[in-house]
Protein chains: 2
Amino acid sequence: VVQLTQVSKIYSPGQAEVRALDGVDLSIDAGQFVVLLGPSGCGKSTLLNAIGGLDSPTAGTVVIDGTDISSLTDAQLTRFRRQKIGFIFQFFNLVQTLSAKENIQLAGELVDEPRSLAQVLKDVRLEDRADHVPNQLSGGEQQRVAIARALIKNPPLLLCDEPTGELDIATGRMILSLLRTVTRESSQTVLLVTHNTAIAKMSDRVLFMRDGRIVEDQVNEAP
Amino acid sequence: VVQLTQVSKIYSPGQAEVRALDGVDLSIDAGQFVVLLGPSGCGKSTLLNAIGGLDSPTAGTVVIDGTDISSLTDAQLTRFRRQKIGFIFQFFNLVQTLSAKENIQLAGELVDEPRSLAQVLKDVRLEDRADHVPNQLSGGEQQRVAIARALIKNPPLLLCDEPTGELDIATGRMILSLLRTVTRESSQTVLLVTHNTAIAKMSDRVLFMRDGRIVEDQVNEAP
Ligand SMILES: Nc1ncnc2c1ncn2[C@@H]1O[C@H](COP(=O)(O)OP(=O)(O)OP(=O)(O)O)[C@@H](O)[C@H]1O
Ligand SMILES: Nc1ncnc2c1ncn2[C@@H]1O[C@H](COP(=O)(O)OP(=O)(O)OP(=O)(O)O)[C@@H](O)[C@H]1O
Ligand SMILES: [Mg+2]
Ligand SMILES: [Mg+2]
């Protein structure tokens, strides 16, 4: 499903050069639930953005479902991303003028077979906040809208960037087991960045990143 | 230093009423390091905003250092807040067009005796990212800019809203012990919202919130 070969991303603000990704090789099989850990600034979000086609790498190739995404036109890439990839951003990216329900519905309309809106609202425990716009929601509630927005699309590939950063321990655990169950039922492939080491135990594989490289790759025998 | 009496905050978006704060009584002595825990949506950020004078409560009084902040004019409240209160927001609120260094410097210029810019940059480990603007920083790096911006002011009262939500375990622990040490040296009063229960053990007092009320208040004998 996901095949990265020598992917690098190099920024040069001023004189100094930042190697956010430094020759990453990675392949992820269909249906795997993979967790990505690493210190702040090591390149996790940059990697997710490269896989999701949101940012083009400086070097290397990204192949999703057999398609080299750098060969797509902008219009093709947008359609590919809408259909195939669900994204939970680190800072949510909610539409500020739409309610929680409308933010989620908008995502569901992008695909042919979305999940039910009522069900995903219930899954993330936001039924009684459905009509609130983002600035009428707490930090954790906004994060849960972002999670529901990705889930409703029922995408083959789900990329999650610290989906429980604003949640208390109990709510975080509830959300992580929801992601685990829902994606297993419809055999979705998941790459999830987290600092919550408890989830690493629930995953199929755990990757460790440091300074733009994947330095460890552990398979969990019995998640 | 902080004295709240029957503070409530009630929103009424549409028909339903949300009691974000529901009659909160709270007093915090000078130099105390107090941690605030509670599930997502229970009113933690609303409480911090009420104490920091960023949002006026529907009922009740907020007294800081003997001053009832609802009696201040807008201009007086702004000056009071700049001088007396440091704030680490849940979503950082960085100035997007300024570099990390400039964001921090701006805060230091608000007070008479700021800490050294070079020192706070070193404290949060961002010396080599000082010239990056927010969109050239990772999530955790932006959070650390927000932390340095509050620290440089050396404020008598420091309000922190989940200051380690975007940080990995190790960086989070480093930041929390920095906050603990720095505020103890200059006997600052701290109210810190967190989901990181390890810090609760390092604090003087732990408050638990639920549905807009403080339901537990535990003193740590030997933090
Ligand atoms: N402008 C608003 N209008 C209506 N309801 C609001 C508004 N702002 C906040 N709320 C509600 O008030 C409650 C308390 O919000 P608050 O942001 O204080 O929660 P919190 O404890 O900080 O949660 P989190 O841990 O998720 O950040 C939430 O349920 C939220 O939906
Ligand atoms: N536009 C940019 N210009 C220069 N450097 C950048 C830019 N964007 C990101 N960086 C740098 O690239 C590195 C990797 O950033 P990335 O956002 O991938 O980190 P991360 O692992 O997601 O960290 P966090 O856990 O803090 O979110 C960081 O050190 C950051 O400063
Ligand atoms: Mg990140
Ligand atoms: Mg909050």
Side-chain angles (χ1 to χ4, degrees), chain A residues 11-18 20 36-46 49 89-92 99 124-126 128-144 161-162 164-175 193-198 200 208-210, chain B residues 11-16 18 20 36-46 49 89-92 99-100 124-126 128-144 161-162 164-175 193-198 200 208-210:
Chain A
Y11 296 105
S12 28
Q15 313 64 279
E17 180 183 87
V18 175
L36 177 60
L37 299 170
S40 171
C42 72
K44 302 179 298 292
S45 294
T46 307
N49 291 340
F89 296 95
Q90 189 167 1
F91 295 112
F92 320 149
S99 69
V124 298
R125 318 256 165 103
L126 281 177
D128 60 352
R129 291 288 183 270
D131 297 320
H132 287 222
V133 292
N135 79 359
Q136 298 177 321
L137 294 169
S138 79
E141 291 167 342
Q142 290 179 49
Q143 187 157 50
R144 284 183 276 153
D161 200 345
E162 302 189 34
T164 63
E166 302 306 322
L167 301 178
D168 56 283
I169 311 269
T171 312
R173 205 174 283 145
M174 179 271 288
I175 288 289
V193 167
T194 182
H195 300 314
N196 181 328
T197 40
F208 288 88
M209 255 182 112
R210 196 173 293 287
Chain B
Y11 296 105
S12 27
Q15 315 65 279
V18 174
L36 178 57
L37 299 171
S40 171
C42 72
K44 303 180 296 293
S45 296
T46 307
N49 291 341
F89 296 96
Q90 191 167 3
F91 294 113
F92 320 149
S99 71
V124 298
R125 316 258 166 102
L126 281 178
D128 59 352
R129 290 289 184 268
D131 297 319
H132 287 223
V133 290
N135 78 357
Q136 298 176 321
L137 295 168
S138 80
E141 290 167 345
Q142 290 180 49
Q143 187 156 49
R144 283 183 276 152
D161 200 346
E162 303 189 34
T164 62
E166 303 305 323
L167 301 178
D168 57 285
I169 311 268
T171 313
R173 206 173 282 144
M174 179 272 288
I175 287 288
V193 168
T194 183
H195 298 312
N196 180 330
T197 41
F208 288 89
M209 259 182 107
R210 195 174 291 291

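Just so we're on the same page: letters track the sequence lines, and every chain starts at 1.
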Does A:Asn49 have any side chain to side chain contact (heavy atoms under 4.5 Å, CB included) partners at least two apart in sequence or in another chain, and if so, which?
A:Leu54, A:Asp55, A:Phe87
Residues passing the side chain to side chain contact (heavy atoms under 4.5 Å, CB included) test with A:Phe91, sequence neighbours excluded, are B:Phe92, B:Gln142, B:Glu166
Pairs of heavy atoms under 4.5 Å with chain A: top-ranked of B:Ala16, B:Cys42, B:Gly140:
B:Gly140
Region of B:Ser45 in contact with chain A, defined by heavy-atom distances below 4.5 Å
neither
Which bit of A:Ser138 is near chain B, if near means a heavy-atom gap under 4.5 Å: side chain, backbone, both or neither?
side chain
Side chain, backbone, both or neither: which part of A:Arg125 has a heavy atom under 4.5 Å from chain B?
neither
Heavy-atom distances under 4.5 Å only: say whether A:Glu141 touches chain B with side chain, backbone, both or neither.
both
Separation between OG of B:Ser40 and CG of A:Leu137, rounded to the nearest 0.5 Å:
9.5 Å
Heavy-atom distance under 4.5 Å between the side chains of A:Gln136 and B:Val18, does that happen here?
no
Going from CG on B:Asp168 to NE2 on A:His195, what distance comes out if it is rounded to the nearest 0.5 angstrom?
5.5 Å
